[in-house]
Amino acid sequence: IGGDGVVDVARDEGGVVDVRQEITVRQWACDAAISFADPVVKSRCVEMYDTDSDGELSYKEAAQVESLSGLFCEVEPVRRIDANGNVYIDYQRTSGMPTYGNEITSFDELQYFTGLKEISPFAFYLCRNLESLVLPSSVEIIGTSSFYGTIIKELALPEGIKVIES
């Protein structure tokens with residue numbers, strides 16, 4: 001019989017059954033690799049989120065990401081108390097942590113990170129060449145100084161935005 005995914009059965013001279021099977025592998029859209037415009041963004045996303053270690057980031061893998069913390073700039077919270085005893089949380093760049101922000105120009109593929117609820121504080125801090133970014137519709141919170149120092153001229157906010165921290 002033969003054809004797409006059908007088993008062919010034949011017997012050799014000794015009557016031994018020889019089974020040849022043609023298998024067609026289909027790839028679901030969610031398993032397809034995202035095509036990144038910016039090679040640095042792709043490199044960092046694959047390094048941080050490629051769960052199947054295939055060297056690519058699929059739509060499915062991107063949808064499972066819940067935090068961008070440390071993707072381009074690593075920061076840590078620092079607690080400080082003013083003269084009146086008020087407690088504040090500030091953020092500072094983690095010492096010794098490399099930053100990739102100066103190298104990136106676009107991250108429109110962020111729209112595929114549909115599990116992302118929050119743009120972490122300082123997520124794109126001082127990404128001085130970042131001019132294009134598309135937020136996923138799942139984002140509800142934009143953290144402190146998330147886009148400080150970028151050259152993004154326009155950013156469409158999803159309808160579900162609940163908090164924009166100052």
Side-chain angles (χ1 to χ4, degrees), residues 25-82 84 86-166:
V25 177
R26 291 195 171 93
Q27 187 176 44
W28 297 101
C30 65
D31 294 328
I34 295 172
S35 178
F36 287 87
D38 188 307
V40 176
V41 172
K42 177 183 179 177
S43 174
R44 287 294 294 155
C45 286
V46 167
E47 181 181 339
M48 299 281 290
Y49 310 122
D50 178 19
T51 57
D52 64 7
S53 302
D54 66 352
E56 297 290 339
L57 191 74
S58 69
Y59 292 91
K60 182 179 179 181
E61 289 168 322
Q64 294 171 345
V65 174
E66 296 178 356
S67 172
L68 297 177
S69 181
L71 183 59
F72 299 113
C73 179
E74 186 68 52
V75 294
E76 59 189 354
V78 177
R79 190 172 152 223
R80 75 177 169 87
I81 303 172
D82 69 12
N84 297 323
N86 297 313
V87 177
Y88 298 93
I89 301 295
D90 288 331
Y91 294 88
Q92 69 182 22
R93 189 174 293 198
T94 305
S95 60
M97 175 67 186
T99 181
Y100 303 89
N102 290 332
E103 302 173 38
I104 68 170
T105 58
S106 68
F107 193 4
D108 294 344
E109 301 82 10
L110 183 61
Q111 66 187 304
Y112 306 123
F113 288 62
T114 56
L116 196 61
K117 300 285 184 211
E118 177 182 9
I119 302 298
S120 308
F122 299 90
F124 299 98
Y125 183 75
L126 295 179
C127 292
R128 291 187 167 94
N129 295 310
L130 181 61
E131 57 188 52
S132 176
L133 181 122
V134 178
L135 294 173
S137 60
S138 57
V139 171
E140 298 174 352
I141 301 169
I142 295 180
T144 301
S145 300
S146 294
F147 304 108
Y148 179 82
T150 68
I151 56 173
I152 296 172
K153 292 181 176 73
E154 186 176 314
L155 184 64
L157 298 177
E159 290 183 25
I161 289 285
K162 296 177 181 172
V163 176
I164 299 176
E165 297 174 351
S166 56

Any side-chain heavy atom of [X] within less than 4.5 Å of one from [Y]?
| X | Y | value |
| --- | --- | --- |
| Ile141 | Val163 | yes |
| Thr105 | Ser132 | no |
| Ile142 | Leu157 | yes |
| Glu66 | Leu116 | no |
| Leu133 | Leu155 | yes |

What pairs with [X] under side chain to side chain contact (heavy atoms under 4.5 Å, CB included), at least two apart in sequence or on another chain?
| X | value |
| --- | --- |
| Ser137 | none |
| Thr150 | Phe124, Cys127, Leu130, Phe147, Ile152 |
| Pro158 | Leu135, Val139, Ile161 |
| Ile81 | Arg79, Val87 |

Report the distance from atom CD1 of Ile164 to atom OG1 of Thr144, rounding to the nearest 0.5 Å.
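Answer rounded to 0.5 Å: 11.5 Å.
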As an exercise, state the distance from CD1 of Ile34 to NZ of Lys60, rounded to the nearest 0.5 Å.
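Rounded to the nearest 0.5 Å, the CD1-NZ separation comes out at 13.5 Å.
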Just to verify, what does Phe113 make a ring pair (Phe, Tyr, Trp, His ring centres under 6.0 Å) with, not counting sequence neighbours?
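If we apply the ring pair (Phe, Tyr, Trp, His ring centres under 6.0 Å) test to Phe113, skipping adjacent residues, the hits are Phe107.
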Listing request: all ring-ring contact (aromatic ring centres under 6.0 Å, His included) pairs with a residue in residues 48-67, at least two apart in sequence or in separate chains.
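Every pair satisfying ring-ring contact (aromatic ring centres under 6.0 Å, His included) with a residue in residues 48-67: Tyr59-Tyr112.
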Salt bridge (charged side-chain N to carboxylate O under 4.0 Å, His left out) partners of residues 49-59, not counting sequence neighbours, each pair once
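Every salt bridge (charged side-chain N to carboxylate O under 4.0 Å, His left out) pair that includes a residue of residues 49-59, provided the two are not neighbours, is Lys42-Glu56.
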Pairs meeting criterion salt bridge (charged side-chain N to carboxylate O under 4.0 Å, His left out) with involvement of residues 106-124, two or more places apart
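Not a single pair qualifies under salt bridge (charged side-chain N to carboxylate O under 4.0 Å, His left out).
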Is it the case that Asp38 and Ser106 place a side-chain donor and acceptor less than 3.5 Å from each other?
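Absent: no donor and acceptor within the cut-off.
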Could you go through the side-chain contact (heavy atoms from CB on, under 4.5 Å) check for Val40 and Ile104 one step at a time?
CA-CA 6 Å; Val40 176; Ile104 68 170; 3.8 Å; yes
Within a reach of under 6.0 Å around CD of Glu140, are more than 12 heavy atoms found that belong to other residues, nucleotides or ligands?
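Yes - once you tally the heavy atoms of other residues, nucleotides and ligands closer than 6.0 Å, there are more than 12.
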Taking every non-hydrogen atom, the tightest pair across Ser146 and Ile119:
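It is OG-O, 3.5 Å.
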Leu57 and Ala62: which non-hydrogen atoms are nearest, and at how many Å?
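Shortest heavy-atom separation between Leu57 and Ala62 comes out as CD2-CB, 4.1 Å.
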Kindly write out the residues that satisfy side chain to side chain donor-acceptor pair (under 3.5 Å) with Asn84, not counting sequence neighbours, or none if the list is empty.
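If we apply the side chain to side chain donor-acceptor pair (under 3.5 Å) test to Asn84, skipping adjacent residues, there are no hits.
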Using only atom types and a distance under 3.5 Å, with no angle test, would you say the side chain of Ser58 pairs donor to acceptor with the backbone of Glu61?
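It does hold such a pair.
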